[in-house]
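Heads up, the thing below is written out as structure tokens.
Note that these values count all heavy atoms, side chains included, but never hydrogens, waters or copies made by symmetry. Keep in mind that this is a model prediction, so the values were computed, not measured. Proteins get letters first, then strands, A, B, ... in listed order; numbering begins at 1 in each.
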Amino acid sequence: MHEASRRAKLRKIQELGIDPWGSRFDDHARIADIRAREGEITVEPLAEGQREPHQNGPKVRAAGRIVLQRKKGKLIFLDIRDWTGQIQLFVGRGQVGEENWALAECLDLGDLVGVDGELKRTKTGELTIFVEKLHFLTKSIETPPEKHHGLTDPELRQRMRYIDLAYTEGVLPKFLDRTKIVASVRRTLAASGYVEVEGPTLHAIAGGAAARPFKTHHNALDMPLFMRIALELHLKRLLVGGMERVYELGRVYRNEGISPRHNPEFTMLEAYQAYGDYGTMMDLTERIILDALDAIGAGRQITWGERTIDFTSPFARKTYDELFAEHTGVSPDDAAAVKKLADGIGLETAGKHPDVIKSEVFEERVEDALVGPIFVIDYPASICPLTKRKQGSEHIAERFELFIQGMELANAYTELNDPDLQEELFRTQLQGQKEEDSMAKMDHDFIRALRHGMPPAGGLGIGIDRLVMLLTGSQNIREVILFPLLRHEEPRRG
RNA sequence: GAGGCUGUAGCUCAGUCGGUAGAGCAACGGACUUUUAAUCCGUAGGUCCUGGGUUCGAGUCCCAGCAGCCUCACCA
């Protein structure tokens, strides 16, 4: 086993009087910051008889994981990596002395080390720390993946994300981009006067979206509970309570299929602004996205597979009906023609409301074709039970969805705040639908809250995982979720 | 939930017609004081996903299962 030789080196390190599991190591610089000091290297003029000009560089201290190792007799080149970058180390037997050299001979790929040394360039110009003192920080008793290809098996990459992060090119920077995007979203909202709150994740009624919830149970109260599927209804209660600009950025859970765009738990942003409407939220959405692009140092063009997403502001805006007509060639107002179209596609139409049929045709024929970014605005009211109707047109709801690469990224309404209409919509939506299929689950406490007066408001939801996918050019949601759901790993037998 | 593809050394992958297991990297031993996926010589390393079946003989063919990926369904 490979482990045996690593354990043998571990013992050798112990025999040198060094703790193979290391300890506190203060005052080291980030490798990116060390690399930035290249300009401080000075080169003395070449003296008579000298082959190489003498360099003076800054003294630096670094720490990281050994990712490459080139042993060359009494000389070892190591590449160490931290979460900001990678740099080469030069360890020469004559330069570091016998004690350090004895330790250097115990190094394996994957070990964590710290070094003190001088930052200079090698003959070939590679920026390098010429080690003067080696500090052993932690032994790795497992072999890292192949150094050139890294881990490529998607199953291993997800199950052992720690290896993927540590060794696969670009993985750690992408997840750090994710945190930068999330931080940026919070900054944008804070700058717009929003406060962040934490609502309950265990709900007695899983409302606010159309999705199957995970069921659980509270023992002491002997009460069935659901993991939340949306943040909406509690945030609106806070609008009633006077939190005029409020958001939550957190995990929601949907007991549904897994796909390149779906994970059972995912991160959702919902934001509500009193005295705003869906137009307010459209502006906010665009600001959140553009700020996030800036936060990761991306431009306005993002490569997406074979295509490029152009985030140049302002994003296109078209109405639902316009797009419907454009992509299907059928008038959205001609219910008979729409039904015929739906039948032609093979959709089940019997007994369905014309707007539901229209919506299914839209999903089938329009959404996938929306390269975007494009705001689709003004949805059929009957598929929007939580949305205010447009002034003077009772069949249109003030709702938009933002589509990019056929993916729904954001969904926003002018919020319905009429308690009587809300209650009626809850009731009528429930008729003929399985409750779990409906966005409108009767929630009496929510109705009671509305009766106390919820200000007219705009509300917005953004799927954060999808936002990260789009901004980082990742075509699979598992590329931006650290630990996506997997089946149980079968324990190795023997 | 349905269909298709995949599963071989720590990692990345070959493996022909069914004839008894291969490479590169990593590891181990040796050479090498400016290398860059270092190089060179040598050594070792296998529950071929699991369980059945066919066969004189199975990594290879058949059946079942497990896991991953893709497509579809559900959904964001």
Round to a whole Å and report the spacing from CG of A:L151 to C1' of B:C69. 16 Å
Would you indicate what A:Q95 reaches in the nucleic acid, counting non-hydrogen atoms under 4.0 angstrom: base, sugar-phosphate, or nothing? base
Nearest to the side chain of A:T122 - B:G68, B:U35, B:U33? B:U35
Partner lookup for B:A37, please. Criteria are Watson-Crick or G-U wobble with both distances under 3.5 angstrom; report none if nothing qualifies. none
Distance test, side-chain N/O of A:S5 to OP1/OP2 of B:A27, below 4.0 Å: no
What's A:G257 touching, base or sugar-phosphate or nothing? Going by heavy atoms closer than 4.0 Å. base
With rounding to whole Å, what would you report as the distance between B:C41 and B:C32 at their C1' atoms? 12 Å
CD/A:E44: more than 12 non-hydrogen atoms of other groups inside 6.0 Å: yes
Suppose we define a pair by two distances each less than 3.5 Å, Watson-Crick or G-U wobble; what does B:G3 pair with here? B:C70
From the list A:K236, A:H234, A:R228, side chain to side chain donor-acceptor pair (under 3.5 Å) with A:E232 holds only for A:K236
Between CZ of A:F90 and C1' of B:U34 the distance, given in whole Å, is 6 Å
Measuring only the P atom in each nucleotide, how far is B:U33 from B:C49? A whole number of Å is fine. 45 Å
Residue set satisfying side-chain contact (heavy atoms from CB on, under 4.5 Å) with A:E265, at least two apart, ordered chain then number -> A:R251, A:Y253, A:N263
Would you mind classifying the nucleic acid contact of A:G461 as base, sugar-phosphate or nothing, using non-hydrogen atoms under 4.0 angstrom? nothing
Are OP1 or OP2 of B:U34 and a side-chain N or O of A:R121 less than 4.0 angstrom apart? no
For side chain to side chain contact (heavy atoms under 4.5 Å, CB included), just list the numbers for A:L134 and A:F136, CA-CA rounded to whole Å, side-chain angles, deciding distance to a tenth of an Å, and then say yes or no. CA-CA 7 Å; A:L134 200 54; A:F136 196 79; over 6 Å; no
Integer angstrom distance from the P of B:G68 to that of B:U8: 15 Å
According to the interplanar angle, ranging from 0 to 90°, do the rings of A:F90 and A:F77 count as parallel (below 30°), tilted (30 to 60°) or perpendicular (above 60°)? perpendicular
How far does the C1' atom of B:G24 sit from the matching atom of B:G45, given to the nearest Å? 15 Å
Length of the CG-P vector between A:D79 and B:U34, whole Å: 17 Å
Does A:E364 or A:M268 map to a spot on RNA chain B nearer the 5' end, using the closest nucleotide for each? A:E364
Roughly how many Å apart are B:U20 and B:U34, using the C1' atom of each and rounding to a whole number? 49 Å
Out of A:K9, A:R81, A:K139, which one pairs with A:D111 under the salt bridge (Lys or Arg N to Asp or Glu O under 4.0 Å) rule? A:K139
More than 12 heavy atoms from other groups under 6.0 Å of CH2 on A:W83: no
Using a 4.0 Å heavy-atom cut-off, does A:K9 contact any base of the nucleic acid, only the sugar-phosphate backbone, or nothing at all? sugar-phosphate
Reckon A:N263 touches a base, only the sugar-phosphate, or nothing at all at heavy-atom distances under 4.0 Å? base
For B:C70, does OP1 or OP2 lie under 4.0 Å from any side-chain N or O of A:R478? yes
Would you mind classifying the nucleic acid contact of A:T152 as base, sugar-phosphate or nothing, using non-hydrogen atoms under 4.0 angstrom? sugar-phosphate
With A:E99 via side chain to side chain donor-acceptor pair (under 3.5 Å) - residues at least two apart: none
Rounded to the nearest Å, what distance is computed from the CD atom of residue A:E105 to the C1' atom of nucleotide B:G29? 13 Å
Gap in Å between the two P atoms, one belonging to B:U60 and one to B:G19, rounded: 11 Å
What's the gap between B:G10 and B:U6 when it is taken at their P atoms, as a whole Å value? 23 Å
Determine, for A:E105 against A:R93, whether the closest basic-nitrogen to carboxylate-oxygen distance falls under 4.0 angstrom. no
Starting from P on B:C11, measure out to CG on A:D153 and report it in whole angstrom. 9 Å
Look at A:Q88 and B:U34 and indicate whether a side-chain polar atom (N or O) is within less than 4.0 Å of OP1 or OP2. no
Hey, does A:L486 reach any base, or is it just sugar-phosphate, or nothing, if we go heavy atoms under 4.0 Å? sugar-phosphate
Set out, in order, the CA-CA distance, both residues' side-chain angles and the distance that settles side chain to side chain contact (heavy atoms under 4.5 Å, CB included) for A:L233 and A:I205, then state yes or no. CA-CA 10 Å; A:L233 301 183; A:I205 301 166; over 6 Å; no
Establish, with yes or no, whether the OP1 or OP2 oxygen of B:G68 is under 4.0 angstrom from a side-chain nitrogen or oxygen of A:R487. yes
With no hydrogens and no angle check, do the side chains of A:E401 and A:Y320 hold a donor and an acceptor under 3.5 Å apart? no
Write down the distance separating the C1' atoms in B:G1 and B:C74, rounded off to the nearest Å. 9 Å
Suppose we define a pair by two distances each less than 3.5 Å, Watson-Crick or G-U wobble; what does B:C28 pair with here? B:G42
Kindly state which residues belonging to residues 125-133 of chain A come within less than 4.0 angstrom of RNA chain B, counting heavy atoms of the residue only, listed by number. A:E126, A:F130
Does the structure show a Watson-Crick or G-U wobble partner for B:U60, both distances under 3.5 Å? Name it, or say none. none
Could you give the CG-to-C1' distance, from A:L156 to B:C13, as a whole number of Å? 14 Å
Could you pull out all residues at least two apart from A:D164 that satisfy side chain to side chain donor-acceptor pair (under 3.5 Å)? A:R157, A:R161, A:T168
Quickly work out the A:E367 CD to B:A76 P distance and round it to whole Å. 10 Å
To the nearest Å, give me how far apart CG (A:L109) and P (B:C25) are. 13 Å
Any pair counted as salt bridge (Lys or Arg N to Asp or Glu O under 4.0 Å), so long as it reaches residues 55-80 of chain A, sequence neighbours left out: A:K59-A:E132, A:R61-A:D116, A:R70-A:D79
Every protein N/O within reach of nucleotides 37-40 of chain B N/O, cut-off under 3.5 Å:
| residue | atom | partner | partner atom | Å |
| --- | --- | --- | --- | --- |
| B:A37 | O3' | A:K147 | NZ | 3.3 |
| B:A38 | OP1 | A:K147 | NZ | 2.4 |
| B:A38 | OP2 | A:R70 | NH1 | 2.8 |
| B:A38 | N7 | A:K71 | O | 3.4 |
| B:A38 | N6 | A:K71 | O | 3.1 |

A:G94 or A:F266, whichever maps to the more 5' nucleotide of RNA chain B: A:G94
Contact class for A:G463 (heavy atom, under 4.0 Å): base, sugar-phosphate, or nothing? nothing
